[in-house]
Peer 1: 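Here you go, one structure.
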Amino acid sequence: GMAIDVRGVTYQYGRIQALRGLTFSIGQGAKVVLMGPNGAGKSTLISLLNGLEQPATGEVSVFGERMTRENALLLRQRIGVVYQDPDDQIFSTTVEEDVAFGPRNLGLDEQMVQDRVTEALRAVGMSELRSRSPFELSYGQKRRVAIAGVLAMRPEVVILDEPMAFLDPKSRDDLQALLERMHESGLTLIVATHDVDFAAEWATDVIVLKDGRLLASGSTELLFDD
Ligand code: ADP
Ligand code: ADP
């Protein structure tokens with residue numbers, strides 16, 4: 001089945017046309033890269049997929065259910081977003097409190113919250129640092145805390161905006177391995193990136209935007225045929 005269906009979606013900021021009739025689908029279990037130059041509409045599209053904004057025309061469906069203002073909050077639990085800058089996503093005084101924030105907001109009892117925190121920190125390899133202040137961590141570690149916070153919500157789709165940005169080569173390799181494990185655990189992944197090598201190596205499918213339109217989409221093999 002399809003994880004995401006985008007049908008004829010347009011969006012504007014005042015008079016700026018950010019998305020101009022986008023149509024594409026993402027299958028469950030896909031590893032998708034979202035590419036395109038700055039201003040192409042990637043961030044806007046991510047806001048729509050996350051239900052933070054509603055399209056002006058067209059529709060976004062998640063697992064076959066059309067997203068509306070009314071159900072956006074519920075559907076958003078199924079689609080986690082890891083923003084480009086982890087400092088936008090990290091608020092608490094300890095790593096474990098930060099990761100606990102989402103599940104606690106769901107109203108889960110404390111034991112379930114702690115189980116989720118433990119599981120998510122283990123998944124990102126941050127178990128040892130759970131009592132630390134996130135503000136003392138390296139950029140790569142902060143990014144992993146942000147990912148743990150999203151995983152603790154047990155989403156089905158995770159969207160990551162430029163997750164490789166500002167990481168050293170070792171941290172990039174670690175992150176790519178983490179993405180691979182997330183995929184193996186059953187997640188559908190969408191990664192916004194400018195990194196063509198990563199796209200060719202990692203993705204099953206590619207979506208390329210330009211000026212708010214779909215410039216190209218399809219399987220990585222077809223698009224990076226060499
Ligand atoms: P990308 O993420 O690919 O760089 P964006 O979605 O950020 O693209 O931007 C798409 C278009 O919408 C660009 O022309 C950008 O300048 C414009 N835009 C994005 N955010 C805003 C905003 N908050 N207000 C006005 N224009 C915006
Ligand atoms: P990204 O690197 O993810 O594409 P951008 O640099 O395009 O992000 O945008 C960073 C932030 O600035 C986003 O929140 C976006 O909505 C906002 N933004 C982008 N273009 C404009 C614009 N023309 N006017 C106002 N805000 C904008």
Side-chain angles (χ1 to χ4, degrees), residues 3-26 30-62 66-69 72-73 75-76 78-91 139-140 142-143 146-147 149-150 155 157-167 172 175-176 179 182 187-220 223-224:
I4 288 171
D5 277 299
V6 171
R7 290 277 162 265
V9 161
T10 64
Y11 187 86
Q12 58 247 0
Y13 299 95
R15 290 159 69 177
I16 299 171
Q17 198 71 38
L19 299 177
R20 306 166 187 258
L22 264 190
T23 297
F24 64 87
S25 300
I26 293 175
K31 295 188 282 186
V32 182
V33 288
L34 177 59
M35 305 188 82
N38 285 331
K42 302 182 298 294
S43 303
T44 303
L45 176 61
I46 290 171
S47 312
L48 295 179
L49 296 179
N50 194 214
L52 287 177
E53 307 288 343
Q54 298 294 317
T57 62
E59 55 188 70
V60 173
S61 299
V62 177
R66 182 180 175 173
M67 200 179 281
T68 64
R69 259 176 234 287
L73 219 64
L75 286 182
R76 195 188 299 164
R78 305 176 72 176
I79 305 191
V81 178
V82 180
Y83 292 99
Q84 189 170 348
D85 186 351
D87 287 327
D88 289 343
Q89 207 156 4
I90 292 175
F91 302 98
Y139 202 79
K142 281 186 191 177
R143 189 161 276 153
I147 294 171
V150 166
V157 179
V158 176
I159 304 174
L160 303 100
D161 193 358
E162 293 280 356
M164 305 291 187
F166 308 115
L167 295 184
R172 276 174 188 240
L175 185 65
Q176 191 166 338
L179 292 175
M182 286 163 65
L187 285 167
T188 302
L189 297 176
I190 304 171
V191 175
T193 182
H194 288 99
D195 187 337
V196 177
D197 292 333
F198 167 75
E201 189 179 310
W202 178 81
T204 58
D205 298 270
V206 183
I207 292 170
V208 187
L209 300 186
K210 188 168 186 230
D211 296 331
R213 290 196 176 87
L214 197 64
L215 188 67
S217 78
S219 79
T220 311
L223 287 175
F224 293 104

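Owing to the predicted nature of the structure, the values given are computational and were not obtained by experimental measurement. Hydrogens, waters and symmetry mates are skipped; everything else that's a heavy atom, side chains included, is used. Remember, it's 1-based here, ligands and their atoms both numbered in the order they're listed.
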Peer 1: Using heavy-atom distances, let me know which of Thr44, Ile46, Leu209 sits nearest atom 6 (O) of ligand 1.
Peer 2: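 Among Thr44, Ile46, Leu209, the closest heavy atom to atom 6 (O) of ligand 1 belongs to Thr44.
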Peer 1: Would you mind running through ligand 1 and noting each atom that sits below 4.0 Å from a heavy atom of Asn38?
Peer 2: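 Those qualifying, in numeric order: 4 (O).
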Peer 1: Is ligand 1 less than 4.0 angstrom away from at least one heavy atom of Gly41?
Peer 2: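 A heavy atom of Gly41 does come that close to ligand 1.
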Peer 1: State the CE-CD1 distance between Met67 and Ile4, to the nearest 0.5 angstrom.
Peer 2: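 Here the rounded value is 7.5 Å.
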Peer 1: State whether the side chain of Arg143 and the backbone N or O of Gln84 hold a donor-acceptor pair below 3.5 Å, judged by distance alone.
Peer 2: yes
Peer 1: Which of these passes side chain to side chain contact (heavy atoms under 4.5 Å, CB included) with Leu22: Leu48, Val60, Leu45?
Peer 2: Leu45
Peer 1: Any idea which heavy atoms bring Tyr139 and Ala165 closest together, and the distance?
Peer 2: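 Result for this residue pair: CE2-O, 3.9 Å.
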Peer 1: As an exercise, identify every atom of ligand 1 less than 4.0 angstrom from a heavy atom of Ala40.
Peer 2: 1 (P), 3 (O), 8 (O)
Peer 1: Please identify which atoms of ligand 1 are closer than 4.0 Å to at least one heavy atom of Pro37.
Peer 2: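 The atoms of ligand 1 under 4.0 Å from a heavy atom of Pro37 are 3 (O).
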Peer 1: Which option out of Gly39, Gly14, Ser47 puts a heavy atom nearest to atom 1 (P) of ligand 1?
Peer 2: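 Result: the heavy atom closest to atom 1 (P) of ligand 1 is in Gly39.
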Peer 1: For Asp211 and Arg20, what are the C-alpha separation, side-chain angles and deciding distance, and is it a salt bridge (charged side-chain N to carboxylate O under 4.0 Å, His left out)?
Peer 2: CA-CA 8 Å; Asp211 296 331; Arg20 306 166 187 258; 6.0 Å; no
Peer 1: Do ligand 1 and Ala18 have nitrogen or oxygen atoms that lie under 3.5 Å from each other?
Peer 2: no
Peer 1: List every atom of ligand 1 that sits less than 4.0 Å from any heavy atom of Ser43, numbering the atoms from 1 in the order shown and giving each element.
Peer 2: 1 (P), 2 (O), 6 (O), 7 (O)
Peer 1: Keeping the roles fixed (side chain from Thr220, backbone from Ala203), state whether a donor-acceptor pair exists under 3.5 Å.
Peer 2: yes
